[in-house]
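Remember, predicted model here, so these are calculated numbers, not experimental data. The sequence lines fix the lettering, A, B, ..., with proteins before strands; numbering per chain opens at 1.
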Number of protein chains: 2
Amino acid sequence: MPVAAEPPAIVLVRPQLGENIGKAARAMLNFGLEDMRLVAPRDGWPNPAAGPAASGADVVLENARVFDTVGEAVADCAHVYATTVRKRGVTKPVVTPEAAAAEIHGRTGRSAILFGPERSGLETDDVALARAILTVPINPQFGSLNLAQAVILVAYEWSKGQDLASPTAEDLLPPAPQEDLDGMIAQLEAMLEPKGFFRPESRAASTRRTLRSLLTKPGWNHLEVRTLRGVLSHLAKPDRD
Amino acid sequence: MPVAAEPPAIVLVRPQLGENIGKAARAMLNFGLEDMRLVAPRDGWPNPAAGPAASGADVVLENARVFDTVGEAVADCAHVYATTVRKRGVTKPVVTPEAAAAEIHGRTGRSAILFGPERSGLETDDVALARAILTVPINPQFGSLNLAQAVILVAYEWSKGQDLASPTAEDLLPPAPQEDLDGMIAQLEAMLEPKGFFRPESRAASTRRTLRSLLTKPGWNHLEVRTLRGVLSHLAKPDRD
C-alpha cells in the first residue's frame with residue numbers, strides 16, 4: 001500500500017557550531033520541517049548555543065536525533081540527496097532545490113537531505129551514499145551560502161507543495177460596475193467642461209476617450225469610486241480658508 | 001522603446017543592526033542582486049558591523065545608497081513591493097516571492113522591494129507606497145523569518161528567471177516612476193487641503209493614505225500621469241463661462 005510522501009529529514013553531517021544547528025532548526029520550522037538528524041556533531045549534543053539561535057524552534061532541537069554515521073542517519077530513507085556547491089568527480093544526477101522538492105512530493109517513502117560541515121562541505125564518502133546531488137544555482141562570481149541559508153532554501157521549496165503554504169490572501173473587491181464608473185466620469189466631465197478642458201471642440205471626443213481610458217484602467221472597486229466622487233465634490237467647493 | 005526588466009532594488013527601511021545589513025548584502029549577491037538602498041538606517045552609514053557580516057559581498061555595501069525617506073529611495077522605480085508577514089488592513093494584491101519574481105521578469109522598468117526594520121516590520125505609510133504586498137507563505141504555527149532570510153528568498157526566486165528575462169518586448173509603457181506619481185498626489189492634496197477634505201485633523205493621515213493607495217493602484221504611465229495633472233490644473237482654474 002503506497003504511503004504519501006513524508007516531509008524530508010534534514011541531516012546535518014558533522015556540524016561545527018551549535019549556533020548554526022539552531023539557525024538550521026529555525027529555518028526548517030518556518031517551512032514546516034521538523035525532522036532534524038545530526039551526524040557526529042563536533043561539540044556533542046545537546047549544545048547550549050543551539051537553543052538561543054533557534055528563536056523558538058525548540059521542538060526541532062528537542063526531537064533531533066544523533067547518529068554516529070551518515071549511513072545510520074538515513075537508514076530508513078528511500079531517497080537521499082547530498083547538498084553541495086562544488087562540482088564533484090561523481091556521476092549522479094544534479095537537481096535544484098525546486099526539482100528536488102517536486103521529486104519528493106511525487107514519491108512515496110521518506111527522503112533525506114544531507115548538508116555538510118560549515119567549512120568543508122560533504123566528503124566524497126557522504127556523497128556516495130546519495131542518489132542525487134542537490135545544488136543551489138548561485139552567482140558564479142560570488143557563492144557564499146551558509147548552512148542555515150542552504151537549509152532554508154530547500155525547506156522553502158519543499159513547503160510550496162504543502163497546503164500550509166497558503167499566502168494570507170486578502171479579499172480584493174471586484175471593480176465597480178460600469179454605471180458607477182460612468183457616474184464618476186460624468187461628474188468629472190461636468191466639472192471640466194466649464195474650465196475649457198474639452199476645447200477646441202474638434203478634439204473634444206478624443207479627449208473624452210483618453211479620460212475614460214485613464215479612469216477605466218485602475219479597476220477601482222465601488223468603495224474607491226465612492227471616495228473619488230468625494231474628492232471631486234470637494235474640489236468643486238469653494239476654499240474654506 | 002521597451003527596456004528589459006532590470007534587477008530589482010532591495011530597499012531596507014530603517015534597518016537596525018549593521019550586521020543584518022551585511023547579511024542582507026551577502027544574501028543579495030549570492031543571487032546576483034547588487035542594488036541596495038538604505039532608508040534612515042538607525043545607526044547611520046557606513047556601519048562597521050556590516051562589512052564582516054557581508055562575508056565578501058563588499059561591492060553591495062560600497063555601492064549602497066542612503067535616503068531619508070522611502071519615497072526618495074524608490075523615486076525611480078515603477079513597481080514597488082512591500083514585504084510583510086502580517087495581515088494588513090489594506091486592499092492590495094498579495095503575491096508570493098515566486099509570483100513577484102515572475103512579474104518583475106515580465107515587466108519593463110525598475111522594481112523595488114521594501115523590507116521593514118527587524119523588530120517591527122514596515123509601517124502602514126511605507127506599505128501605502130507599494131502597489132503590492134509580497135508575503136512569504138510560512139508555517140502558521142511558527143513564523144520567524146529574519147531580515148536576511150526574507151531577502152535571500154526573494155533574491156533566490158528572482159535569480160531563477162534571470163536567463164529567461166523577457167525576450168518578448170512589451171508595447172505597453174511601464175508605470176510612471178514614483179516621483180511622477182508623488183508630484184501628482186502632491187498637486188491634488190494641495191487642491192483638496194483648502195476645501196477641508198482632510199478634516200477632521202485626526203483622520204487626515206488615514207485619508208491621505210487612502211488617497212495614495214487609490215492613485216497607486218492603476219499603475220498609470222508617465223503620459224497618463226501628465227494628462228491627469230492637466231485635468232487637475234484645469235479643475236483649479238476659474239470657470240470660463
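- Neither the backbone nor the side chain of L223(A) comes within less than 4.5 Å of any heavy atom of chain B.
- For a residue to count as touching a neighbouring chain, one of its non-hydrogen atoms must lie under 4.5 Å from one of that chain's; by this rule T210(B) touches chain A with the side chain only.
- A donor-acceptor contact shorter than 3.5 Å is absent between the side chain of K160(B) and the backbone of P137(A).
- Closest of all the heavy-atom pairs between L145(A) and R26(B) is C-NH2, 3.9 Å.
- Note that CD of E98(A) and CD of E98(B) are 6.5 Å apart. Values are rounded to the nearest 0.5 Å.
- Pairing each heavy atom of K217(B) with each of N221(A), the nearest pair is NZ-N, 3.9 Å.
- Proximity to chain A involves both the backbone and the side chain of A57(B), based on heavy atoms less than 4.5 angstrom apart.
- For D239(A) (side chain) and K195(B) (main-chain N/O), no donor-acceptor pair under 3.5 Å exists by modelled atom type.
- Atom OG1 of residue T227(A) and atom CG of residue L214(B) lie 5.5 Å apart, to the nearest 0.5 angstrom.
- Sparse packing is recorded around CZ of R203(A), with 12 or fewer heavy atoms of other residues, nucleotides or ligands lying under 6.0 Å away.
- Under 3.5 Å, the side chains of E157(B) and Y156(A) contain a donor-acceptor pair of N or O atoms.
- Between chain B and the residues T96(A), N146(A), L211(A), the largest count of heavy-atom pairs under 4.5 Å involves N146(A).
- Once rounded to the nearest 0.5 Å, the distance linking CG of L235(A) with CG of L235(B) reads 6.0 Å.
- The part of V136(A) that comes within reach of chain B is its side chain, from C-beta onward, which places non-hydrogen atoms under 4.5 angstrom from that chain.
- Within residues 180-190 of chain B, the residues approaching chain A closer than 4.5 Å by heavy atoms are, in numerical order, L188(B).
- Within the 4.5 angstrom heavy-atom criterion, no atom of A99(B) approaches chain A.
- Only the backbone of P238(A) comes within less than 4.5 Å of a heavy atom of chain B; no side-chain atom from C-beta onward does.
- Residues G56(A) and F142(B) share a closest heavy-atom pair of C-CE1, 3.5 Å.
- Chain B forms the most heavy-atom pairs under 4.5 Å with one residue out of L232(A), V59(A), L153(A), and that residue is L153(A).
- Listed by chain and residue number, F197(A) satisfy the ring-ring contact (aromatic ring centres under 6.0 Å, His included) test with H234(B) (two or more places apart in sequence, or in another chain).
- F115(A) is linked by a ring-ring contact (aromatic ring centres under 6.0 Å, His included) to nothing, counting only residues two or more places apart in sequence or in another chain.
- When each of G219(B), S144(B), G32(B) is scored by its heavy-atom pairs under 4.5 Å with chain A, the top score falls to S144(B).
- Residue pairs meeting the salt bridge (charged side-chain N to carboxylate O under 4.0 Å, His left out) criterion with at least one partner in residues 136-148 of chain B, sequence neighbours excluded, are absent.
- Neither the backbone nor the side chain of A155(A) comes within contact range of chain B, judged by heavy atoms closer than 4.5 Å.
- Remark: side-chain polar atoms of N139(B) are paired, donor with acceptor, to backbone N or O of L29(A) under 3.5 angstrom.
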